[in-house]
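A short worksheet on the structure shown next.
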2 protein chains.
Amino acid sequence: MDDIDRKIISFLSADARRSLADIGGNVNLSPSSVNERIRRLTAQGTIRRFTVELDPAAMGLETLVYVWIALHEDADESAFRRYAAAQAAILECHHVTGRWSYLVKIRVGSPPEIEGFLADLKAQKFLGRSETVIALSSPVAGALVQKDNS
Amino acid sequence: MDDIDRKIISFLSADARRSLADIGGNVNLSPSSVNERIRRLTAQGTIRRFTVELDPAAMGLETLVYVWIALHEDADESAFRRYAAAQAAILECHHVTGRWSYLVKIRVGSPPEIEGFLADLKAQKFLGRSETVIALSSPVAGALVQKDNS
DNA sequence: AATTTTGCGGTCTATATCATCCATGGCCGT
DNA sequence: ACGGCCATGGATGATATAGACCGCAAAATT
C-alpha cells in the first residue's frame, strides 16, 4: 500500500465508475497498471466490494436510532449475534466497554417503528435493560450502504 | 421505486461492477432498460454514489470508538459541526436525545490515539463533558466507506 | 362512448469506449 | 549481472450509451 494505492482508493471512493484511463491520468499510470493495482487491492481484501451509497429517505429509513442493550441474564449470546446479523434494521452491533454490553445502531422508517423493534427484542428474550437514543439531526451522517450478505 | 428498482439496487449493493446485461438477465429487462433505471435512480439521488467498501485493518483504522459529548457551555455549535465534518477520524456525528448532546463515531489506528482525539476536542474548547465507549468486537460491523467530499 | 393524443417505459441496433490479457522492457536491490 | 517487480502498449472482446422505434395505458377530446 503506497501513496498511489491510496489515491486510487480515494478516487474510487468518490466515484467507483471512473474509467481506468481517467484514474491513470490523475496518478500518472497507464490504464493497465491501474487495473493491476485495483485487482491486487481487491484480491488481498483491502477493497472489500464495489457498492453504492443510498439515500436513507428514498429507502424509507429516515429515522436513525442507537440502542444500548444489557442482555437478559440467561440470554444466549451467540444467538443474539446471529439475530443481530439477520435483522435488516440492525446496521451495526458492537460489544462495548462501559455500563452496557451492546450498542446497536438501527434505521427505521419512523419513530413509531422503534417500538416494534424493541418489542421483538423482548419477545426473543434477549432484552434485559435498554436505553434508546434517537438522532435528531446529523452534521456528519455517515454513508448508508446495504449490508453485505456474502 | 418499484420492486425491480429495489432488486437492481440490491444487485449493485453486492457488486456495483456487474454488467447491465447480467443484471438485466436477473430482472428480465434489457441492458438498456437497466441502464435507464440506474440513470434515473442516480439522477434523483436515490443512489448517491458508486463507491468501495474498505477493510478497516488495511486502512489502519482498527479501533472503533463512540464518544458521547456534552458541548462546553460557550462553544460555538456550528463551529463544532464544521469541525466534525472536517475531521477525517469522525465518521458520524449526530445530535441526539437524552443526557448527551452529541454522539460521535470515530475510527483510529489504536486505542492510544483516542487520547489525541479527545485532547484536540478539548483544545478547541468544544468539550464540556464526555464519555468514551470502545467497541471490543462487532458482530455486525457496518461498512467502512470513505467520507463523501462533494 | 369511442377515438385520438400523450407520455412513459420498453426493445433493438450501432458505435465508441472500455476493461482485460499478454508479451515486452525497464528499473532497482541483492 | 541477475532476478523479481512493476509499468507499458497494443490487440481483442465485452460493455456502456445513445438513438430510433414500438406498444400500452391513461387522459383528453369529440
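None of these values were measured; they are calculated from a predicted model. What's counted below: heavy atoms across the whole structure, side chains too, no hydrogens, waters or symmetry copies.
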* Can you tell me how far P of D/dT17 sits from CD of B/Glu36, to the nearest Å? -> 11 Å
* Structure fact -> Applied to residues 135-147 of chain B, the side-chain hydrogen bond (donor to acceptor under 3.5 Å, both in side chains) test, sequence neighbours excluded, yields A/His94-B/Ser138
* To do: Heavy atoms under 4.0 Å is the rule here; annotate nucleotides 18-30 of chain C 5' to 3' with B where the base is hit, S where only the sugar-phosphate is, and - elsewhere.
  => -SBB---------
* Asked: For A/Arg37 and D/dA7, is the shortest distance between a side-chain N/O and OP1 or OP2 below 4.0 Å?
  -> yes
* Structure fact -> Whole-Å distance, A/Asp2 CG to D/dA7 C1', equals 13 Å
* **Qualifying residues under side-chain hydrogen bond (donor to acceptor under 3.5 Å, both in side chains), relative to B/Asn149, sequence neighbours excluded** => none
* **A/Asp148: side-chain hydrogen bond (donor to acceptor under 3.5 Å, both in side chains) partners, not counting sequence neighbours** => A/Ser150
* Asked: Rest of the hydrophobic cluster containing B/Val140 (Ile/Leu/Val/Met/Phe/Trp/Tyr, side-chain heavy atoms under 4.5 Å)?
  -> none
* **Between C1' of C/dC8 and CE of B/Met1, the distance in whole Å** => 19 Å
* Separation of atom CD1 in A/Ile8 from atom C1' in D/dA7, rounded to whole Å -> 12 Å
* To do: Indicate whether OP1 or OP2 belonging to D/dG9 is found under 4.0 Å from a side-chain N or O atom of A/Ser30.
  => no
* Considering residues at least two apart in sequence or located in another chain, which fulfil the ring-ring contact (aromatic ring centres under 6.0 Å, His included) criterion with B/His95? -> B/Tyr102
* **Ring center gap for B/Trp68 and A/Trp68 short of 6.0 angstrom** => yes
What pairs of donor and acceptor atoms, side-chain ones from residues 7-15 of chain A against any protein atom, are under 3.5 angstrom apart with sequence neighbours left out?
| unit_1 | atom_1 | unit_2 | atom_2 | d |
| --- | --- | --- | --- | --- |
| A/Ser13 | OG | A/Ile9 | O | 2.8 |
| A/Asp15 | OD1 | A/Arg17 | N | 2.9 |

Throw together a table of side-chain donor-acceptor distances under 3.5 angstrom for residues 113-128 of chain B, partners on residues two or more places apart or in other chains.
| unit_1 | atom_1 | unit_2 | atom_2 | d |
| --- | --- | --- | --- | --- |
| B/Glu113 | OE1 | B/Gly109 | N | 3.3 |
| B/Asp120 | OD2 | B/Tyr83 | OH | 2.6 |

* Asked: Between the two ends of the helix from C/dA1-D/dT30 to C/dT30-D/dA1, what is the bend in degrees, rounded to 10 degrees, where each end axis spans five pairs?
  -> 30°
* Just how far, in rounded Å, is C1' of D/dG9 from CG of A/Leu29? -> 13 Å
